[in-house]
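A quick write-up on the structure given underneath.
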Number of protein chains: 2
Amino acid sequence: MIVILLYLPLQNKIVMKHLLQTIKIEVNKKTYLKDPESSDLGKRIVEHSILMIHKIGFDAFTFRKLGNKIGSNESSIYRYFENKHKLLLYLTSWYWGWLEYQFVFATNSMADPGNKLRKAIEVITKPVAIDASFSHINEVLLNDIIINEYSKSYLTKEVDAENKEGYFEIYKRLVMRLSEMIEDIDADYPYPASLASTLLEGSLHQYFLTQHFPSLTNCNKKISPTEYFTHLIFNSINKKIDA
Amino acid sequence: MIVILLYLPLQNKIVMKHLLQTIKIEVNKKTYLKDPESSDLGKRIVEHSILMIHKIGFDAFTFRKLGNKIGSNESSIYRYFENKHKLLLYLTSWYWGWLEYQFVFATNSMADPGNKLRKAIEVITKPVAIDASFSHINEVLLNDIIINEYSKSYLTKEVDAENKEGYFEIYKRLVMRLSEMIEDIDADYPYPASLASTLLEGSLHQYFLTQHFPSLTNCNKKISPTEYFTHLIFNSINKKIDA
DNA sequence: TATAATATGATAGTAATACTATTATATTTG
DNA sequence: CAAATATAATAGTATTACTATCATATTATA
């Protein structure tokens with residue numbers, strides 16, 4: 001069903017919002033013990049974990065606190081997620097899956113490689129809109145969690161083992177899609193994967209800097225990360241399009 | 001003394017190594033309760049914290065384990081550092097101070113802005129050499145800790161308070177120095193601070209990717225991060241120099 | 001050289017974290 | 001209505017991240 005819908009020429013927010021309400025973002029099943037989408041409690045766990053991590057930060061977040069907040073038991077949460085690290089992997093995978101969906105949806109039908117890449121950069125670097133709501137998941141807050149906490153999901157001693165288990169597949173697929181778009185424009189550009197990963201990681205970082213270290217970035221209300229990275233990428237590859 | 005030495009035209013590794021052995025990298029005094037450079041135990045704490053964090057990772061690292069390792073008492077370590085977070089701030093500040101020193105030393109006497117920036121990029125992105133040893137601090141391992149753990153020093157809920165206290169001054173100064181060099185080449189380039197911060201953060205990230213996600217980078221034994229970022233930056237600003 | 005100051009070590013203790021285990025009680029399903 | 005399943009309640013463990021106190025060793029100073 002998803003594949004068919006992707007070919008629809010309609011590309012407005014309302015249509016996409018409806019689609020996002022009918023499809024399910026698929027994340028690696030190993031992130032959870034029991035699918036949180038399968039029950040009311042599961043959804044409440046996800047919903048309120050986002051609210052709570054956003055509020056107090058991932059480090060101070062515990063299953064006990066979450067249990068108290070949602071009037072449920074700590075041990076019940078453990079039946080859904082092994083530990084809070086796995087929950088973070090679930091949330092981040094969901095986010096990248098959600099973003100990938102918009103990425104593919106927005107660029108799939110585009111013929112011109114230049115415009116396609118421009119649109120791809122826009123989807124990845126633009127702020128998450130308030131109206132993007134998908135059921136119990138608040139994407140605006142989740143986006144902020146990604147900016148402030150995503151690195152913690154892979155800056156661990158277990159990263160290689162977890163990578164083998166496929167916990168970062170969606171993110172990697174996104175980077176590869178972007179990398180391929182760069183190659184489509186300039187097959188001789190020697191660093192497409194590095195440029196793609198620089199965009200994904202760098203975009204989060206520039207948003208972090210605007211929040212906490214404004215002197216280290218030129219991004220602000222007037223200059224968007226989209227503008228900065230569009231300039232950066234199109235000047236780096238061997239094809240210019242109008243600014 | 002430092003200032004005078006910076007004007008010396010000599011720029012070889014041996015001279016710099018000797019200089020680094022006579023000067024002291026100054027880090028924010030608030031990172032420690034008692035200066036670890038002031039005693040034997042303090043130096044052992046720093047030395048072995050680097051070895052241990054490198055080995056087991058910052059998350060699993062505790063003062064108790066470190067105490068056992070160096071045959072000292074947990075409570076004695078607490079007399080030097082409030083907690084392991086402050087120790088990480090100390091180590092990372094020291095690293096950036098050490099890098100800043102090399103940055104200034106290598107570029108200070110250069111007249112041509114293009115060559116100067118090229119050298120700056122090289123200093124920041126090149127792998128830390130084994131022969132760079134500075135007393136009890138193993139810079140090669142410390143560099144690896146920076147790659148794998150630096151983000152954790154600022155991805156916290158306390159980042160704004162700690163930023164006000166000056167814990168990130170050295171890093172910020174480095175970004176600003178680089179940003180100014182970019183401006184010196186192209187005063188009209190609109191994103192010098194963003195480009196500078198992208199280099200600092202992006203370089204660490206590309207090294208991380210080569211270690212753990214090689215498919216997401218083009219950097220490897222043949223292609224260096226220096227090459228990638230030199231290309232990226234000089235194509236982005238309005239002045240090209242020979243590759 | 002005695003004494004005071006300082007540094008380090010040993011031991012104990014606390015609150016919180018990150019779970020696991022067991023049993024009880026709802027709720028759903030066949 | 002019984003059986004299966006989901007959730008709740010309670011308790012317990014090992015570890016972490018400290019703090020406090022007291023003892024002992026080392027160093028500085030009068």
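Computation of the quantities below employed the complete heavy-atom set of this structure, encompassing side-chain atoms and omitting hydrogens, waters and symmetry-equivalent molecules. Chain letters run A, B, ... following the sequence lines, proteins first and then strands; every chain starts at 1.
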Return the polar atom pairs (N/O with N/O) between nucleotides 24-26 of chain C and the protein under 3.5 Å, or none.
none

My understanding is that only residues two or more places apart in sequence, or in another chain, count here; which of them pass salt bridge (Lys or Arg N to Asp or Glu O under 4.0 Å) with [X]?
{"X": "B/K221", "value": "none"}
{"X": "B/K152", "value": "B/D59, B/E149"}
{"X": "B/K164", "value": "none"}

Rounded to whole Å, please give me the gap between [atom1] in [X] and [atom2] in [N].
{"X": "A/D59", "N": "C/dA16", "atom1": "CG", "atom2": "C1'", "answer": "15 Å"}
{"X": "B/N68", "N": "C/dA10", "atom1": "CG", "atom2": "C1'", "answer": "13 Å"}
{"X": "A/L88", "N": "C/dA18", "atom1": "CG", "atom2": "P", "answer": "13 Å"}
{"X": "B/L33", "N": "D/dC18", "atom1": "CG", "atom2": "C1'", "answer": "13 Å"}
{"X": "A/I77", "N": "C/dT20", "atom1": "CD1", "atom2": "C1'", "answer": "15 Å"}
{"X": "B/F61", "N": "D/dA17", "atom1": "CZ", "atom2": "C1'", "answer": "13 Å"}

Which nucleotides of nucleotides 6-16 of chain D have their base under 4.0 Å from a protein heavy atom (B), which only their sugar-phosphate (S), and which neither (-), written as one string 5' to 3'? SBBBB-----S

Please tell me whether B/F168 and B/W96 form a close aromatic pair, meaning their ring centres lie under 6.0 Å apart. no

Ring centre gap for A/Y154 and A/Y167 strictly below 6.0 Å: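 No.
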
Would you classify B/Y78 as touching base, sugar-phosphate or nothing, given that sugar-phosphate means primed atoms plus P, OP1 and OP2, and contacts are heavy atoms under 4.0 Å?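 The answer is base, as B/Y78 lies within the cut-off (heavy atoms under 4.0 Å) of a base atom.
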
Side-chain ion pair, A/K24 and A/D35, N-O less than 4.0 Å: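 A/D35 and A/K24: salt-bridged.
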
Salt bridge check, A/E180 against A/R177: does any charged N sit closer than 4.0 Å to a carboxylate O? no

Identify the nucleotide, in any strand shown, that forms a Watson-Crick or G-U wobble pair with D/dA2, with both distances under 3.5 Å; if there is none, say none.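 Looking at the geometry, D/dA2 pairs with C/dT29.
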
Residues that B/T226 engages under side-chain contact (heavy atoms from CB on, under 4.5 Å), provided they are two or more places apart: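 B/T226 satisfies side-chain contact (heavy atoms from CB on, under 4.5 Å) with B/E122, B/T125, B/K126, B/S224, B/T230 only.
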
Name the residue from A/R79, A/K86, A/K84 that meets the salt bridge (charged side-chain N to carboxylate O under 4.0 Å, His left out) definition with A/E82.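 That would be A/K86.
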
